[in-house]
2 protein chains.
Amino acid sequence: MNKTELQANLEARAQLFKALGHPVRLLIVNLAHIKPRHGEELATILNLNPATISHHLSLLTDAGLLSLKKDQYYHTYSLIGDVLNKTLDEIIRLPQAELMANVEEDAYRNKVLKSFLKRGRLVQIPRQFKKEQIVLEKIVEEFEPGREYLEREVNRILLEFHEDVAALRRGLIEHHLMKRDKGIYWRPTEAQDH
Amino acid sequence: MNKTELQANLEARAQLFKALGHPVRLLIVNLAHIKPRHGEELATILNLNPATISHHLSLLTDAGLLSLKKDQYYHTYSLIGDVLNKTLDEIIRLPQAELMANVEEDAYRNKVLKSFLKRGRLVQIPRQFKKEQIVLEKIVEEFEPGREYLEREVNRILLEFHEDVAALRRGLIEHHLMKRDKGIYWRPTEAQDH
DNA sequence: ACCCTGATTGGATGAATGTCAAATTATGTT
DNA sequence: AACATAATTTGACATTCATCCAATCAGGGT
């Protein structure tokens, strides 16, 4: 599947919801649930012009909710039951691959990193928590998970990024990216991370 | 509940589907499923103007899909999980009372009866199967379910409706509204009816 | 008090949608 | 063949919707 197909799939899911997003069409689905119906019947019951009903019916069939059987010159529409048993979540949730194809999930992260890190050095410590989080997550990659560091080793590494190593150390602790006990620092392993 | 409230309820259901009926909003729901998100982040990831994102977010929250938490000057939107576990059917299906309030379910039947039955007599036997069905269902009410009738009794009753009693008799049999065996006619009871 | 940042609101504009009337197509009947 | 019935299509119109820009609002920091 290429990107275009993935987007088409996304459109198809939206189309199903769009088809259900109109009160008249919800009524039609309910009436078709009781028994199959033909156009004129629905037009009479709902007090709408046959052309309007025809329009709604084609949206519902295109979305895969109704099936059409021709009978003399009646077009009888029946409800396709199995679609309705799916949960919203089953229809909405995109597989990882598809999500990535439609979206640059780390565009925001990259934008923040790009604006604060120039040639490997921190231009400024972000004042906003969410941005500080992103920058510190990047910095903490310099530490090996599980390994213990003395404060002066920590400082040496942090100095590569910014002079104010005390602020960085404090930030790392506050954001739970590093732990400290009796002057020893370590980066939690992924498993303990949450 | 009065009629207006019922219609409002119907609109609310449609609103939920409408909110999901757009590809960008499906992406937002997917992203919010991974973790809560704030507006600027979504605008960057989806490459859209913040105003546009704000618009989509308000549709999703109005529909009850997202919840908002304010954090400094970030507005963080989280997915409300339980709605998504409902099936389409649970959301679409209207209780009988509500359906009846929005719809004249037997408008079509009444229209057909009105056009063929004048002062209790059949103006003409409908040429179309579906209309004949409706008229004969009305006529068969003159017979007591389960009771046995001789052909001449049947004729006497049918004559009240139309001269061509033979055509009516044939219609009643074809539409399975009456049964015949060895010149004896009877109307099936409800239980045997299907 | 004054800036900064993110979010929302109020137009503005083009696109999509809902509705109906009139014309057309498909099927059946006389 | 001519007519009748139901469905669909087409065209017109009004409504709603998606998107962006510009202005405003709300929190926080200097």
Side-chain angles (χ1 to χ4, degrees), chain A residues 11 14-15 17-28 36-63 66 68-77 108 111-112 115-116 124-132 134 167, chain B residues 11 14-15 17-28 36-63 66 68-77 108 111-112 115-116 124-132 134 167:
Chain A
E11 272 293 348
Q15 190 193 11
F17 290 121
K18 231 179 281 189
L20 291 168
H22 191 285
V24 167
R25 292 195 288 270
L26 289 182
L27 289 173
I28 291 176
R37 309 276 184 168
H38 59 103
E40 197 208 359
E41 184 182 1
L42 291 169
T44 311
I45 292 179
L46 296 171
N47 196 29
L48 286 171
N49 187 292
T52 304
I53 295 295
S54 184
H55 169 240
H56 287 309
L57 287 172
S58 80
L59 290 181
L60 287 168
T61 49
D62 288 352
L66 296 180
L68 169 59
K69 195 183 141 204
K70 300 188 185 181
D71 222 30
Q72 299 165 64
Y73 37 64
Y74 293 100
H75 289 194
T76 302
Y77 291 86
Y108 181 66
K111 183 180 161 192
V112 171
S115 69
F116 284 96
Q124 181 198 355
I125 300 181
R127 299 164 297 291
Q128 293 123 287
F129 191 84
K130 280 173 195 279
K131 292 186 176 173
E132 190 184 29
I134 288 171
Chain B
E11 274 292 350
Q15 189 192 12
F17 290 120
K18 230 179 281 187
L20 292 168
H22 190 284
V24 167
R25 292 195 286 270
L26 289 182
L27 289 173
I28 290 176
R37 310 275 185 169
H38 58 103
E40 198 209 359
E41 183 182 1
L42 291 169
T44 312
I45 292 179
L46 295 171
N47 196 29
L48 285 169
N49 188 292
T52 305
I53 294 296
S54 185
H55 169 241
H56 287 308
L57 287 173
S58 81
L59 291 181
L60 287 168
T61 49
D62 288 353
L66 296 181
L68 168 60
K69 195 183 141 205
K70 301 188 186 183
D71 223 29
Q72 299 164 60
Y73 36 67
Y74 293 100
H75 289 193
T76 304
Y77 290 87
Y108 181 66
K111 182 181 159 191
V112 171
S115 70
F116 284 96
Q124 179 198 358
I125 299 180
R127 299 162 299 292
Q128 293 126 285
F129 191 84
K130 280 171 196 280
K131 291 184 178 174
E132 190 184 28
I134 287 171

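Excluded from the calculations below are hydrogen atoms, water molecules and symmetry mates; all remaining heavy atoms, backbone and side chain alike, are included. To find a chain, count down the sequence lines: A is the first, B the second, and so on, and within it residues start at 1.
Regarding A:N47, its CG atom lies at a distance of 18 Å from the P atom of C:dG18, rounded to whole Å. The separation between A:E132 atom CD and D:dG29 atom C1' is 14 Å, rounded to whole Å. Atom-to-atom, CG of A:L60 to P of C:dG18 comes out at 10 Å; the value is rounded to the nearest Å. With rounding to whole Å, B:L57 atom CG is found 14 Å from D:dT19 atom C1'. Across the protein-nucleic acid pair, B:R37 atom CZ and C:dA7 atom P stand 13 Å apart, rounded to whole Å. In this entry the distance linking NE2 of B:H22 with P of D:dC17 reads 12 Å, nearest Å. Atom NZ in A:K69 sits roughly 21 Å away from atom P in C:dA26 (whole-Å rounding). Counting to the nearest Å, the P atom of D:dG29 and the CD atom of A:Q124 are 14 Å from each other.
Of the two residues near DNA chain D, B:A51 and A:G39, the one whose nearest nucleotide lies more 5' is A:G39.
Distances from the side chain of B:Y73 to the nucleotides D:dT8, D:dC17, D:dG27 place D:dG27 closest. If you check D:dG28, C:dA22, D:dA7 against the side chain of B:Q72, the one that comes closest is D:dG28. Checked against D:dT5, D:dA18, C:dC20, the side chain of A:N49 finds its nearest nucleotide in C:dC20. Closest to the side chain of B:S54, out of C:dG28, D:dT9, C:dT9, is C:dT9. With D:dA6, C:dT8, D:dA18 as the choices, the nucleotide that has an atom nearest any side-chain atom of B:R25 turns out to be D:dA18. Taking the side chain of A:R127 as heavy atoms from C-beta on, and the options D:dG29, C:dG28, C:dT9, the nearest nucleotide is D:dG29. Distance from the side chain of A:H56 is smallest to C:dG18 among C:dG18, D:dG28, D:dA7. Among the nucleotides C:dG18, C:dC20, C:dA7, the one closest to the side chain of B:E40 is C:dA7. Minimum atom distance to the side chain of B:P50 is reached by C:dT8, of the listed D:dA7, D:dG28, C:dT8.
Residues B:L66 and B:L57 are in side-chain contact: their nearest non-hydrogen atoms beyond the backbone lie under 4.5 Å apart.
Within 4.0 Å (heavy atoms only), A:L48 reaches sugar-phosphate atoms of the nucleic acid but no base atom. If you check every strand for non-hydrogen atoms under 4.0 Å, B:Y77 touches sugar and phosphate atoms only. Here A:L59 lies in heavy-atom contact (under 4.0 Å) with sugar-phosphate atoms only. Residue B:K130 is classed as having no contact, given no heavy-atom separation below 4.0 Å to the nucleic acid. If you check every strand for non-hydrogen atoms under 4.0 Å, B:I53 touches nothing.
Using modelled atom types, one side-chain atom of A:T44 and one backbone atom of A:E40 make a donor-acceptor pair closer than 3.5 Å. Under the 3.5 Å distance criterion, the side-chain polar atoms of A:R25 are matched with a main-chain donor or acceptor of A:A19. Here the side chain of B:S54 pairs no donor or acceptor atom with the backbone of B:P50 at under 3.5 angstrom.
For B:K131 and D:dA6, the shortest distance from a side-chain N or O to OP1 or OP2 is below 4.0 Å. For D:dT10, the OP1/OP2 oxygens have no side-chain nitrogen or oxygen of A:H55 closer than 4.0 Å. Between B:Q128 and D:dA6 there is a side-chain polar atom (N or O) within less than 4.0 angstrom of OP1 or OP2. Of the side-chain N and O atoms in A:H38, none sit less than 4.0 angstrom from OP1 or OP2 of D:dA6.
When ring centroids are compared, B:H38 and B:Y73 stay outside the 6.0 Å threshold.
A cation-pi arrangement is not found for B:K131 relative to B:F116, the charged atom failing to lie both closer than 6.0 Å to the ring centre and inside a 45° cone about the ring normal. The cationic group of A:K18 does not satisfy the cation-pi geometry with B:F17, failing either the under 6.0 Å distance to the six-membered ring centre or the 45° limit from the ring axis.
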